[in-house]
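Dropping a structure here in structure tokens format, bear with me for questions.
Only heavy atoms go into these numbers, but all of them, side chains included; no hydrogens, no water, no symmetry mates.
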Amino acid sequence: MDKTFDPSRVEAQWCQTWEADGCYQPSGSGKPYSIMIPPPNVTGTLHMGHAFQHTVMDALTRYHRMAGFDTLWQPGTDHAGIATQMVVERNLKLAGEPSRAELGREKFLDKVWEWKKYSAGTISQQIRRMGSSVDWSREAFTMDPAYSKAVVEHFVRLHEDGLIYRGKRLVNWDPVLQTAISDLEVVQEEENGKLWHFRYPLANGATYVNAEGETLNYIVVATTRPETMLGDTAVAVHPEDERYQHLVGKTVMLPLCNREIPIVADDYVDPAFGTGCVKITPAHDFNDYALGQRHKLPLINVLTKAAAINDDVPEPYRGLDRVLARKKVVADLEALADSTASAPITSTEEGKPVYPRGLVDKIVDHKLKVPRGDRSGAVLEPYLTDQWFVDLIRETRHDGQPGNGGLRAITKPAIDAVESGRIRFVPDNWKTTYFHWLNNIQDWCISRQLWWGHRIPAWYDGAGQVYVGRDEAEVRAKHGLAASVPLKQDEDVFDTWFSSDIWPMATLGWPENTESLKKYYPSSVLVTGFDIIFFWVARMVMMGQYFQQDVPFKDVFITGLVRDPEGNKMSKSKGNVLDPLDVVDGITLDALIAKRTTGLMNPATAPKIEAKTRKDYPKGIEAVGVDALRFTFAALATNGRDVRFDAARAEGYRNFCNKIWNASRFVLINVGALDAETGEATAAVSLDGEVTLSTADRWIISRLQKLEAEAAAHFEAYRFDLLAASLYQFIWNEYCDWYLELTKPVMQGSDELAKRGARRTLVRVLEVWLRLLHPIMPFITEEIWQKVAPLAQKTGKTIMLEPYPVANPERIDEAAEADVEWLKGFMLGVRQIRGEMDIPPGKPVPVLIQNTSAADAERIARFESSVSFLARLESIRVLGAADEAPQSATALLGSMKILVPMAGLIDKAAELARLAKLKAKLENDLKMNEARLASDKFVNGAPAAVIDKERARVAQQKAELATLSEQEARISAL
RNA sequence: GGACAGUUAGCUCAGUGGUAGAGCAUCGCCUUCACACGGCGGGGGUCACAGGUUCAAGCCCUGUACUGUCCA
């Protein structure tokens, strides 16, 4: 064994061995425990967020596997329709290859499959390297043949049950990708815009008198979308708005189009917004659409799929992009001088237009929410198209057949699953988010005008009649359509989430009722981020409840987001992403900068990204290994909080690995299994036979029981941060700092029974602790366990399949723990004197003890040799009450005085300062405590036990203070 | 506008009623035979603010401020 732990060597070896030996596959007859991986998108490679969640899932998987469960972690990837199609299109462009349109559907899809193979391969390699113990024999992809069959099946069944419909509806349209998207894929961003006020002349020369007493022949409408006025089919006012009530039922002449449109009353209109008159464009606004339905208004679509103006408007606007159209509409309205409603067209001296001007009444600045596509970033248009929807809000079937509509069939059961506690969110507060969304849900648009995805299993005949079925043959058979009747399959594909919503079922073989499905459904826990609670979590619950009449998972553990050191979200465009393997293997600053600044959508940001990278990682990133990275994630996985990734912390845990490594070397050397000089393995001494267990042995065994109990509790509560802290603290601050040190004098002594006791305890405690740590740090624990286990008479092939340690309360030894606490206090006293009196650590010192209690005296006798060894004491002498102590530096352990004679060497000022400091703190505390005891409220109100404790504390502090004062007087007198 | 979360040591964060903790950073001493990716010791916090409940509040309640996220 080398002196320094080298992660890369052991990682490569164990990944292969575990997988080859089938350790990742479910086995045994224990209770099933299963986790379905949230399938990563085949859009590239895994990021820190994946590595984080995989660490959590693998820790849970390994823990339950060791704890005897029949454990399955199901792997796989998601085809991710829009996202993947975009990546491939961009790659084609960068490579100068023919575009999607030029290739055509079939050839383009070949390219996507090629990319999918590459991406899924990279992802699986990354998962393997992280040590994730997924069952590769079950690896799935959402477009596998079997999976695709399940996707079709769940669509057809929902359709048969009257829960799917096709209809011409206003949907969110992405004019860049030229597809419909769902409500969830829309991000609303506040942007600076304008509110244009237009005059619409009343038709037939009508006039009215406004509140100011002016006679007007027009009304003013306010809009943020001037170009849509070409599709206006009404003007609306609030029914109780006295300003306009008398105009309801009259008409206005729509400028530029010269169409007569009605003035309607509807309480959707906010009289306080703008002028209180709203232009209504039912084909291009969701609210207007609803209003149009109520008033039976015609719909005039004025846009093409690319959001240019179509041919259903006056000639001058046809073919214009929506931005240009907006400018032209406003300019034309401003220039309209021939309308009776027009204002004079004037300009300031500087040539700036003066409003009102023509038919433009005024233009004011306005902040508005602009809807953009979450993938393309394009400004979306509400657009009227034929799409497929899942009914989620109707009471009864939309087709009039008997049965429940989506509200009762799908939405309510999903709410009920969480409300009833059958699904538990961790942390709990996420269920509020879940309920809020489901209680305000709309029908789900599941068709996408893309090529990459599952083709919708619907066929059209020449008359436009649509037939749904599992395949064309079934459709023909079911509807009696002869082979001569031409049928054409729907060109569109499903929303990606309409395939991943059955992930927990379809990966187990659904719709077949397979053994796997029976055994591993519902899964035990879903580990995911809050960002896909709506997209994915809720929809899996819907489908699971609908098709399996059971929840898809029992717990939902919501992890925080992994952020950069400044707390920003990591994203490629911000240039702050980290590849988890770059933390594992290390990367130079230059290489990291190169990685972050190549292939940028906007190359102009490169200098900024470089500067930030130089600031965050001035020396690049040191290699820390997989175990350290996993431990870092575990330690930072506080419930309900985002994780700021801190490379320094990962380095700290790399050091921790080294500590473990060297502690193990110590153990192996001390049982003779390792040659300290050569690093070669040797034959260990026998640990069989009778032993004596020292206080230290009993202490560390006792502490281990408590650690085992904590570990179980922390797994149960998903508190990986506390688990990591407990494991860290035990091995470093207890086992290494104290227990190992306490065994050293034993090993140098001649008591063979005590030596064997110490050796056996060293080995056994380490062996158990390695198993406790294994779920978080699989590699180093396996590597060391292989060497330590035989000494503990363990014969298993791998630590992975060994039982997870369970606490034995009978081995808790409070007396031993109290003894060791006393011993630590004694050591601290001597070390403080050494430190502050500048006594070199190697120089043996004599120690005098005064003011001992009976218990002190007994412990001194018992631990004399240990303490002398560890504190490098020359001697320990207990002074009687009458004995005069020489001039010394003092430390206190309770009221016992630990004196180190300074024989004239004492720095009087330094020692007085030290004592004064101790006294000041003590006096402060004492004053506070005495005040509390003097308070009637406290004495009358607090429980007796608390009062007793307080009294004892005050007595103790008084005694300590007296001792300190006495010592202070003695030193002053020198 | 509504909802949720956060505000504790220089930094990143634990701490669900009984005198504030960790890691990193920092200062001093030490290359002592497991480990300098180490050991020992030290310094550093009016727990965002204001009220309230309680014998007792970082913790419970109310309000305010700021930060972040989601929804409208």
Checklist entry - Is the number of heavy atoms from other residues, nucleotides or ligands within 6.0 Å of CD (A:Glu566) greater than 12? => result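 Correct, the count exceeds 12.
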Next on the checklist: Against A:Thr781, only a single residue in A:Ile776, A:Asp627, A:Leu770 fulfils side-chain contact (heavy atoms from CB on, under 4.5 Å); can you say which?
Outcome noted: A:Leu770
Checklist entry - With distance as the sole criterion, is a donor-acceptor pair present between the side chains of A:Thr4 and A:Asp6 under 3.5 Å? => result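 Result is no, nothing qualifies.
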Checklist entry - When we call it a touch if two heavy atoms are under 4.0 Å apart, what does A:Cys657 touch: a base, just sugar-phosphate, or nothing? => result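 If one applies the 4.0 Å heavy-atom cut-off, A:Cys657 turns out to touch nothing in the nucleic acid.
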Checklist entry - Hey, does A:Arg953 reach any base, or is it just sugar-phosphate, or nothing, if we go heavy atoms under 4.0 Å? => result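 Here A:Arg953 touches the bases of the nucleic acid.
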Next on the checklist: Using heavy-atom distances to pick each residue's nearest nucleotide on RNA chain B, tell me which of A:Phe534 and A:Asn670 is more 5'.
Outcome noted: A:Asn670
Next on the checklist: Applying a 4.0 Å non-hydrogen cut-off, can you work out what A:Arg654 is touching in the nucleic acid: base, sugar-phosphate, or nothing?
Outcome noted: base
Checklist entry - How would you label the contact of A:Lys659 with the nucleic acid (heavy atoms, under 4.0 Å): base, sugar-phosphate, or nothing? => result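 The answer is base, as A:Lys659 lies within the cut-off (heavy atoms under 4.0 Å) of a base atom.
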Next on the checklist: Is it true that A:Tyr739 and A:Asp697 share a donor-acceptor pair across their side chains at a distance under 3.5 Å?
Outcome noted: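 The answer is yes; a qualifying pair exists.
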Item to check | chain A footprint on RNA chain B, 5' to 3' - any atom under 4.0 Å from a heavy atom | outcome: B:rC4 to B:rA72
Item to check | Geometric class of the A:Trp437/A:Phe534 ring pair [parallel <30°, tilted 30-60°, perpendicular >60°] | outcome: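 It falls in the parallel class, under 30°.
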Checklist entry - Hey, can you pull the residues of residues 429-442 of chain A with a non-hydrogen atom under 4.0 angstrom from RNA chain B? => result A:Asn429, A:His436
Next on the checklist: If you assign each of A:Phe5 and A:Val186 to its closest nucleotide in RNA chain B, which residue comes earlier from the 5' end?
Outcome noted: A:Phe5
Checklist entry - Does any donor atom in the side chain of A:Glu185 or A:Ser182 lie under 3.5 Å from an acceptor atom in the other side chain? => result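 The criterion, which ignores hydrogens and geometry beyond distance, is satisfied for A:Ser182 and A:Glu185.
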Next on the checklist: What's A:Ala663 touching, base or sugar-phosphate or nothing? Going by heavy atoms closer than 4.0 Å.
Outcome noted: base
Next on the checklist: Base, sugar-phosphate or nothing for A:Gln748? Non-hydrogen atoms, less than 4.0 Å.
Outcome noted: nothing
Next on the checklist: Taking any heavy-atom pair under 4.0 Å as a contact, classify A:Arg649: base, sugar-phosphate, or nothing.
Outcome noted: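 Touches a base.
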Item to check | Under 3.5 Å donor-acceptor, A:Asp646 side chain and A:Pro565 backbone | outcome: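 Here the side-chain-to-backbone pair does not exist.
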Item to check | A:Glu191 and A:Arg372 ion-paired at < 4.0 Å | outcome: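 Salt bridge between A:Glu191 and A:Arg372, a charged N being under 4.0 Å from a carboxylate O: yes.
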Item to check | Canonical and wobble pairing (Watson-Crick, G-U, under 3.5 Å) of RNA chain B, dot-bracket with | | outcome: ((((((((.[[[[.)..(..]]]].(((((.......))))).....[[[[[..)....]]]]]))))))).
Checklist entry - Base, sugar-phosphate, or nothing for A:Lys569, non-hydrogen atoms under 4.0 angstrom? => result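 No contact.
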Checklist entry - Looking across every strand, which nucleic acid part, if any, lies under 4.0 Å from A:Phe656 by heavy atom: base, sugar-phosphate, or nothing? => result nothing
Checklist entry - Which is true for A:Leu668 with a 4.0 Å heavy-atom rule: it touches a base, it touches only sugar-phosphate, or it touches nothing? => result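 The answer is nothing, as A:Leu668 stays clear of every strand by at least 4.0 Å.
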Item to check | Salt-bridge present (A:Arg719, A:Asp721; N to O < 4.0 Å) | outcome: yes
Next on the checklist: Check the orientation of A:Tyr434 and A:Phe425. Use parallel for under 30°, tilted for 30 to 60°, and perpendicular for over 60°.
Outcome noted: tilted
Next on the checklist: What contact category does A:Gly835 fall into here, base, sugar-phosphate, or nothing, at under 4.0 angstrom with non-hydrogen atoms?
Outcome noted: nothing
Checklist entry - Should A:Glu767 and A:Arg764 count as an ion pair when the cut-off is N to O under 4.0 Å? => result no
Item to check | Lys/Arg N to Asp/Glu carboxylate O, A:Asp564 vs A:Lys612, below 4.0 Å | outcome: yes
